[in-house]
Amino acid sequence: MTILFLLLCLTSSIYNVEGKPKLKGGLGIGPPTTLSGVVFDITKHGATVGAADDTDDEGESANSLAFIQAWKAACGGTGATRVLIPKGIFVTGPVIFAGPCKAKVTVEIQGNVLANTDISLYSEPHVIMFENVEGVTLTGTGVVDGQGAKHWQSNDCSKNSNCAALPTSIKFHRVNNSVIEGVQSVNPMFFHMFVSNCHNVTIRNVKIAAPFNSPNTDGIHIGSSDLVTIADSLIGTGDDCVSIGHGSRQITVTGVTCGPGHGISVGSLGKYNDELEVVGVLVKNCTLSGTTNGARIKTWPGNKANKASAITYEDLIMDHVKNPIIIDQQYGKKNSEASHVKISDVHFKNIRGTSATTELVTFACSPALPCEGIEVADVNLSFEGKDVLHKLKKPLGAIGNLATTCINAKVIFNGKNGGIGCK
């Protein structure tokens with residue numbers, strides 16, 4: 001019942017009874033943003049309302065130009081300026097909000113932005129991208145709808161390492177001292193949000209939704225960025241709710257409710273040459289409900305070297321999570337090689353709740369570079385799952401087959417851990 005309630009809460013404010021995105025309504029999370037400055041309305045620059053494709057006679061997105069023209073006017077202004085996407089439905093192809101800007105710009109989404117589903121329009125894999133901008137704010141109560149269901153079946157990235165990435169709905173690239181707040185993202189073709197090569201970015205009070213079986217729809221992916229904070233948000237999607245990729249430093253995730261999804265993950269790491277290490281991750285005061293993983297670190301097998309350290313998962317609630325605590329250094333299982341990603345100084349503290357499987361804790365580390373400095377402290381997890389109990393022919397509540405796997409891992413157990421320990 002708890003999982004069902006959370007899923008209903010996550011989707012009800014985004015979709016109406018017909019399963020279509022609502023045109024109105026905010027998140028109801030946190031205080032509203034006070035906006036000011038000269039307003040540049042996209043409709044004054046030629047954007048038209050309507051749910052039909054906006055591809056013009058020349059095979060280009062007609063509304064994309066209007067979005068960009070409004071941005072250029074705001075970017076070139078002085079003081080505080082605002083790009084307004086008003087109430088209504090606006091279909092658009094790729095949009096780049098590029099800097100540097102003279103003004104401090106806010107982009108406010110009041111309506112629904114629908115991604116044009118013609119993939120040929122996207123020379124770069126994004127719908128809306130902010131690039132080389134300082135101090136921008138993306139806000140509003142509106143929705144960015146990637147209309148991804150039309151392309152999910154053609155997404156073969158789980159099988160093809162050379163696949164062409166579909167467009168991410170919202171991307172920050174080389175953006176500093178900036179904020180995303182209040183906006184909603186539904187059904188992206190690929191990631192909902194992507195933060196890349198950024199410094200000091202805060203994402204708060206956002207709501208993200210896609211079906212549990214939508215492929216590669218990470219909620220928020222971070223890569224090669226530092227001082228990124230994700231706070232007080234609801235994320236339910238078909239992949240990681242939050243994924244922290246290589247080159248991430250000083251990342252904080254707090255007050256996030258995740259489910260469905262694949263958990264809050266560091267990685268995957270070790271897939272490519274010349275990856276940058278991950279240092280300083282804090283995941284705190286989060287709830288994971290009905291997810292396939294909870295607190296996870298994942299690395300690929302093979303000789304691509306990297307490091308991940310100073311990682312803390314703390315004060316988490318697990319609600320029927322299949323793998324509540326897991327380090328997986330054979331992620332993908334493409335080959336039998338040992339991973340060359342060194343994992344150290346990792347802490348799992350005050351994690352409580354229920355597991356949907358008997359595998360409560362799994363540390364499957366690399367034989368080439370064993371995990372070091374792994375701490376488990378005050379972890380209280382119980383197993384609740386009828387299917388496995390039935391197969392084991394054990395009565396409900398039996399604990400004799402609860403599993404803690406510690407392979408190539410140096411683990412320290414502190415506090416009260418409910419019988420969890422390496423055998």
Side-chain angles (χ1 to χ4, degrees), residues 115 122 124-131 138 144 146 148 152 155 157-158 161 163-175 178 180 183-204 206-210 214-231 233-254 256 258 260-272 275-278 280-283 286 288 291-293 295-300 306 308 311 331-332:
Y122 299 90
E124 298 291 335
H126 62 262
V127 180
I128 299 173
M129 182 166 76
F130 294 80
E131 185 174 40
L138 172 62
V144 177
W152 289 335
N155 186 330
C157 290
S158 62
S161 60
C163 66
L166 292 169
T168 288
S169 289
I170 300 169
K171 184 172 182 178
F172 271 26
H173 182 60
R174 297 196 182 103
V175 173
S178 297
I180 300 173
V183 296
Q184 305 175 52
S185 172
V186 301
N187 299 332
M189 288 181 262
F190 200 59
F191 295 168
H192 290 266
M193 299 181 183
F194 189 173
V195 178
S196 168
N197 296 92
C198 294
H199 167 75
N200 191 27
V201 170
T202 297
I203 302 171
R204 60 184 178 231
V206 301
K207 183 174 286 187
I208 285 171
S214 55
N216 299 112
T217 53
D218 288 37
I220 302 171
H221 179 75
I222 303 166
S224 300
S225 300
D226 71 303
L227 291 176
V228 177
T229 298
I230 301 168
S233 297
L234 300 178
I235 303 175
T237 193
D239 211 299
D240 293 321
C241 290
V242 178
S243 54
I244 300 166
H246 81 91
S248 299
R249 305 175 71 91
Q250 305 307 313
I251 309 300
T252 301
V253 181
T254 181
V256 167
C258 168
H262 294 181
I264 299 176
S265 300
V266 174
S268 57
L269 304 175
K271 187 175 183 179
Y272 304 105
E275 290 185 349
L276 301 173
E277 66 182 306
V278 174
V281 175
L282 174 63
V283 179
C286 295
L288 298 102
T291 55
T292 54
N293 304 284
R296 177 167 66 156
I297 301 172
K298 52 180 176 175
T299 77
W300 289 85
N306 203 344
I311 298 165
Y331 178 70

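Put simply, the side chain of Met193 does not reach to within 4.5 Å of the side chain of Ser169, judged on heavy atoms. Residues Val183 and Leu138 meet the side-chain proximity criterion, which asks for heavy atoms closer than 4.5 Å. Thr168 has its side chain within reach of Phe190: a pair of non-hydrogen atoms, C-beta onward, lies under 4.5 Å apart. Considering only heavy atoms from C-beta on, Glu277 comes within 4.5 Å of Arg249 through its side chain.
Among Val253, Val195, Ile208, Thr229, the one residue that satisfies the side chain to side chain contact (heavy atoms under 4.5 Å, CB included) test with Ile203 is Val195.
For the atom pair CG (Asn197) and CZ (Phe172), the distance works out to 14.0 Å, reported to the nearest 0.5 Å. Taking SG of Cys198 as the reference point, atom CD1 of Ile222 lies at 9.5 Å (rounded to 0.5 Å). Note that OG of Ser225 and CZ of Arg174 are 11.0 Å apart. Values are rounded to the nearest 0.5 Å. Note that NE2 of His192 is 12.0 Å distant from CD of Gln184, once rounded to the nearest 0.5 Å. In this structure, Ile244 CD1 and Arg296 CZ are separated by 12.0 Å, a value rounded to the nearest 0.5 Å.
In this pair, His221 and Phe191 present their aromatic rings tilted. The plane angle is within the 30 to 60° band.
Disulfide status for Cys286 with Cys258: absent, SG atoms not under 2.5 Å apart.
Closest approach of Glu131 to Val175, counting heavy atoms only: N-CG2, 4.2 Å.
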